[in-house]
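What follows is a short report on a single structure.
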Number of protein chains: 2
Amino acid sequence: MSGEAENPGEIRPGGRTARTRESVCRSTLQVLAESGYAELTVERVAERSGVHKSTIYRRWGGIDGLVVDALAFAVDDDWEPDLSGNVEANLMEFARMALASFADPVYGPTHTAVVAAAFQSDRAVDAVHRFFADRFGRTSTIITRAIENGELPKNTDPEAVIRALMAPIYFRLFISRQSVTDVDLEQAVQAALAAAMAGVFENQERR
Amino acid sequence: MSGEAENPGEIRPGGRTARTRESVCRSTLQVLAESGYAELTVERVAERSGVHKSTIYRRWGGIDGLVVDALAFAVDDDWEPDLSGNVEANLMEFARMALASFADPVYGPTHTAVVAAAFQSDRAVDAVHRFFADRFGRTSTIITRAIENGELPKNTDPEAVIRALMAPIYFRLFISRQSVTDVDLEQAVQAALAAAMAGVFENQERR
DNA sequence: TGCGTAATGCGACGGAGGTTGCGTTTGTCC
DNA sequence: GGACAAACGCAACCTCCGTCGCATTACGCA
């Protein structure tokens, strides 16, 4: 039940293996887009992809593995934040982008599925960790740039600001289950900036 | 599959019905405390409670119904926030209390289960709505008191402040899956207060 | 081109989840 | 206390999830 092929003597990343992975991942994304995580089942992916059920269980170990790999398959690797404005504008742009990504018919359900799967699967938790480490890493340039420009205090922890910005959005989306309006985004940006400028996120010994 | 007894002509809240509900809810809480939401299954609750499987399916409709009712069964109805200090102290006290509740061996897993169930069940979503409406309602007195004392701007939206305080905590617990330290709590309190004092949460037309 | 083996296909199986019909118990009301 | 109906117990049943052993395919390499 822990899964992921037992790292056999040899690995064959060759043609067929790559084809089945692509087919399975595409089908997973399709099912997620159409019906959501609750309806996602291995057999359904097997049917649609033309890959046999047992193959999926062997290579991916279960639904959680499918979701994790589908996210890795769908993620955009070369994304960078827009730095053309001041901090506020750049953060607002990023917040809008993040919210829009959840509305995307493919990426939205997929990201949601990973968050949901993390409640039951350690592998999904790892995937979530990697995801946010990546997100925080990329977006931190918005903050470091702002520090250079004197818009924010020196020693401001970039990750803390981004987290303060994203937390209310994720909270409404996945916890309290309220709708997220543009006003909410503005409020989140203003709140994060106000706290940052007040020095709340200055590095003391935060890791 | 939608569940909840079809509202028959008559309802009997009498002795036996109440007993079975108590037994089932207690068993649900026990299983959640011991094994968590991932291991929670109707049959296991049926075994432990001595109530038959079919009865549970009929009255509760499924696992989501069990979780929702168990939360309602376990919730402390007469809780009120501590108002003995200034805003900062009161908020910090509340934040500590909230975090501690997640560490509680019974209440923690139960609340987590409801949040998890909300990813798949509309009934769980309703329960989450009710829960936060209640939480926001009770804790808003901390903010209104602070406004009266001149610690926060007039027209500050209490719910917005509480949400700004709670969001980072929930985010770390359930989304990014990072540990929550006392330093994080302080940072959350400071950030929410800084934003509130800067007027970010002043009522314009926020519902 | 041919060999060895990883990767996949295939079907069958055990088991758990969930539903249904029917008989029995137990509130509730007269 | 007796009758009616709701709530429950019981057992059978069906579907679906996940696993396993074995046959087949097609990479990788000589």
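Only this structure's heavy atoms are used, side chains among them; waters, hydrogens and symmetry mates stay out.
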State whether a side-chain donor-acceptor pair under 3.5 Å links Ser176(A) with Gln178(A). yes
Rounding to an integer number of Å, can you tell me how far Lys53(A) NZ sits from dC17(D) P? 8 Å
Interatomic distance, Arg21(A) CZ vs dC27(D) P [rounded to whole Å]: 17 Å
In whole Å, what is the span from the CZ atom of Arg59(B) to the P atom of dT19(C)? 17 Å
Quick check on contacts: within residues 40-52 of chain B, what sits under 4.0 Å from DNA chain C by heavy-atom distance? Thr41(B), Glu43(B)
Could you check how far CZ of Arg58(B) sits from P of dT20(C), rounded to whole Å? 10 Å
Rounding to an integer number of Å, can you tell me how far Tyr57(A) OH sits from dC10(C) P? 17 Å
Cation-pi, Phe136(B) ring and Arg163(B) (6.0 angstrom, 45 degrees): yes
I'd like to know if Arg130(B) pairs up with Asp126(B) as an ion pair, taking the criterion as any Lys NZ or Arg NE/NH1/NH2 lying under 4.0 Å from an Asp or Glu carboxylate oxygen. no
Indicate whether OP1 or OP2 belonging to dA7(D) is found under 4.0 Å from a side-chain N or O atom of Thr17(B). no
Using a 4.0 Å heavy-atom cut-off, does Thr20(B) contact any base of the nucleic acid, only the sugar-phosphate backbone, or nothing at all? sugar-phosphate
Do Asp104(B) and Ser101(B) have side-chain atoms, one donor and one acceptor, less than 3.5 Å apart? no
More than 12 heavy atoms from other groups under 6.0 Å of CD on Glu80(A): no
Can you tell me the distance, in whole Å, between the CH2 atom of Trp60(B) and the P atom of dG17(C)? 18 Å
Which listed nucleotide (dG18(D), dC10(D), dG9(C)) is nearest to the side chain of Ser54(A)? dG9(C)
Rounded to the Å, how far apart are Ile63(A) CD1 and dC17(D) C1'? 9 Å
Does Ile147(B) reach the side chain of Asn155(B), with side-chain heavy atoms less than 4.5 Å apart? no
